[in-house]
There are 2 protein chains.
Amino acid sequence: MSNDPLGFCAHDHASCMRSAMKAAQEACAARGVQFTKVRQRTLEILLESHAALGAYDVLARLNAEGLGSKPPVAYRALAFLVEQGFVHRIERLNAFIACARPGADHDPAFMICRACGTVAEAETASVGLKASASQSGFQIEQTVIEAEGLCPTCQTGAGT
Amino acid sequence: MSNDPLGFCAHDHASCMRSAMKAAQEACAARGVQFTKVRQRTLEILLESHAALGAYDVLARLNAEGLGSKPPVAYRALAFLVEQGFVHRIERLNAFIACARPGADHDPAFMICRACGTVAEAETASVGLKASASQSGFQIEQTVIEAEGLCPTCQTGAGT
DNA sequence: GTCTATCCTGTTATGTTATAACATACTTTC
DNA sequence: GAAAGTATGTTATAACATAACAGGATAGAC
Ligand SMILES: [Zn+2]
Ligand SMILES: [Zn+2]
Ligand SMILES: [Zn+2]
Ligand SMILES: [Zn+2]
């Protein structure tokens with residue numbers, strides 16, 4: 001079933017990154033879009049952790065490597081990656097995170113730890129939402145489902 | 001059951017506003033917090049429509065009435081109203097909307113029409129989200145559930 | 001190969017959303 | 001009416017985001 005949200009559990013992160021980059025590489029080739037240096041590097045930066053990074057954080061990293069120093073560079077790369085489904089935007093944080101399940105067309109839900117900043121991606125559980133919507137005739141195009149709270153690790157000893 | 005999302009259906013909006021203001025008034029009295037002029041007016045401004053307003057839109061309205069011209073005035077009033085549960089923040093829009101069911105402690109879900117800007121509030125349908133969360137040990141404190149799409153009215157003739 | 005159309009990047013400038021910090025005024029309690 | 005707590009006014013700046021245009025790389029047509 002592999003429905004475990006990554007991020008809260010230990011895993012081979014190096015292979016996690018490698019497979020995500022490979023999946024993106026192949027998807028770009030298949031779709032005939034360019035996976036340029038800036039785009040690759042932006043995705044790699046986001047893949048380094050299962051936390052969300054702000055556009056300006058990404059930009060700072062790119063800039064340090066001589067890959068662009070002005071906001072539009074980062075925003076354009078991020079917009080491309082979001083369009084292609086390799087990255088998700090976390091509305092609550094005004095930030096971006098690499099997709100944990102690239103390839104599959106999906107409507108993700110996120111769990112955001114307010115203590116450590118880790119963000120885990122889960123499958124959407126929007127059955128009820130869709131029911132509510134269709135009941136009132138609303139036609140859903142996109143969903144934002146984000147829960148904020150404490151991850152398993154941060155619950156122990158984080159009474160505050 | 002009265003589970004209809006307001007906003008997409010006709011209703012007596014004047015009475016809708018009046019009862020919301022009254023509920024807020026009473027809740028403030030009961031909780032011993034001040035329902036000041038700026039706070040009242042801010043809530044009234046949001047109640048005027050079932051659309052979301054940005055903080056600076058609210059500020060412009062307040063300013064036109066001599067109730068404050070600087071961002072913190074609007075942001076403070078909005079923060080108060082959100083705390084008290086009279087107003088919700090729509091993350092997707094960086095905007096605010098008056099609660100359609102004040103009084104009840106609830107976890108709302110929103111349906112945002114991308115064409116006309118109407119936002120309807122429904123009950124949260126986060127059963128699956130909670131299941132996902134507890135499965136991985138995540139402790140939810142707050143949820144953001146927002147769907148974007150087309151409302152019933154805008155579907156007719158809005159092929160674009 | 002080179003021309004051309006398209007897409008990508010670099011840069012300037014500006015727009016939008018949000019808060020920190022401190023001064024002043026009001027309200028409640030005693 | 002003094003003290004404590006709460007709310008507002010104001011300055012300044014931080015953080016997030018995009019419009020618009022110029023230049024460079026890439027890909028397909030010939
Ligand atoms: Zn994903
Ligand atoms: Zn955590
Ligand atoms: Zn509500
Ligand atoms: Zn509409």
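Throughout, protein chains are lettered first and strands after them, A, B, ... in sequence-line order, and every chain is numbered starting at 1. What you see is a predicted model; the values in this text were computed from it and never measured.
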Taking only side-chain N and O atoms of [X], does any of them lie within less than 4.0 angstrom of OP1 or OP2 on [N]?
X        : N       : result
Ser69(A) : dG10(C) : no
Lys70(A) : dT12(C) : yes
Thr36(A) : dT9(C)  : yes

Check side chain to side chain donor-acceptor pair (under 3.5 Å) between Glu148(B) and all other residues, then give those that pass, not counting sequence neighbours.
Arg92(B)
Kindly write out the residues that satisfy side chain to side chain donor-acceptor pair (under 3.5 Å) with Gln139(B), not counting sequence neighbours, or none if the list is empty.
none
What contact category does Leu67(B) fall into here, base, sugar-phosphate, or nothing, at under 4.0 angstrom with non-hydrogen atoms?
sugar-phosphate
When all nucleic acid strands are considered with a 4.0 Å heavy-atom cut-off, which category describes Val38(A): base, sugar-phosphate, or nothing?
sugar-phosphate
Between the two ends of the helix from dG1(C)-dC30(D) to dC30(C)-dG1(D), what is the bend in degrees, rounded to 10 degrees, where each end axis spans five pairs?
30°
By side-chain contact (heavy atoms from CB on, under 4.5 Å) - contacts of Ala95(A) (at least two apart)
Ala52(A), Leu93(A)
State which residues pass side-chain contact (heavy atoms from CB on, under 4.5 Å) with Leu81(A); sequence neighbours excluded, sorted by chain then number.
Phe35(A), Thr42(A), Leu43(A), Phe86(A), Val87(A)
Identify every side-chain donor-acceptor pair in residues 24-34 of chain B under 3.5 Å, counting partners at least two apart or on other chains, and give the distances.
{"residue": "Arg31(B)", "atom": "NH1", "partner": "Gln84(B)", "partner atom": "O", "Å": "3.0"}
{"residue": "Arg31(B)", "atom": "NH1", "partner": "Gln84(B)", "partner atom": "OE1", "Å": "2.7"}

Counting primed atoms, P, OP1 and OP2 as sugar-phosphate and everything else as base, the B/S/- map of nucleotides 15-30 of chain C against protein heavy atoms under 4.0 Å is --BBBBB---------
Ignoring hydrogens and angles, write down the donor-acceptor pairs under 3.5 Å from the side chains of residues 58-73 of chain A, residues two or more places apart or on other chains.
{"residue": "Arg61(A)", "atom": "NH1", "partner": "Glu48(A)", "partner atom": "OE1", "Å": "3.1"}
{"residue": "Arg61(A)", "atom": "NH2", "partner": "Glu48(A)", "partner atom": "OE1", "Å": "3.3"}
{"residue": "Arg61(A)", "atom": "NH2", "partner": "Glu48(A)", "partner atom": "OE2", "Å": "3.2"}
{"residue": "Glu65(A)", "atom": "OE1", "partner": "Arg41(A)", "partner atom": "NE", "Å": "2.7"}
{"residue": "Glu65(A)", "atom": "OE2", "partner": "Arg41(A)", "partner atom": "NE", "Å": "3.4"}
{"residue": "Glu65(A)", "atom": "OE2", "partner": "Arg41(A)", "partner atom": "NH2", "Å": "3.2"}

Do Glu123(B) and His106(B) meet the criterion of a side-chain donor-acceptor pair at a distance under 3.5 Å?
no
Quick one: salt bridge (charged side-chain N to carboxylate O under 4.0 Å, His left out) partners of Arg89(A), sequence neighbours excluded?
Glu91(A)
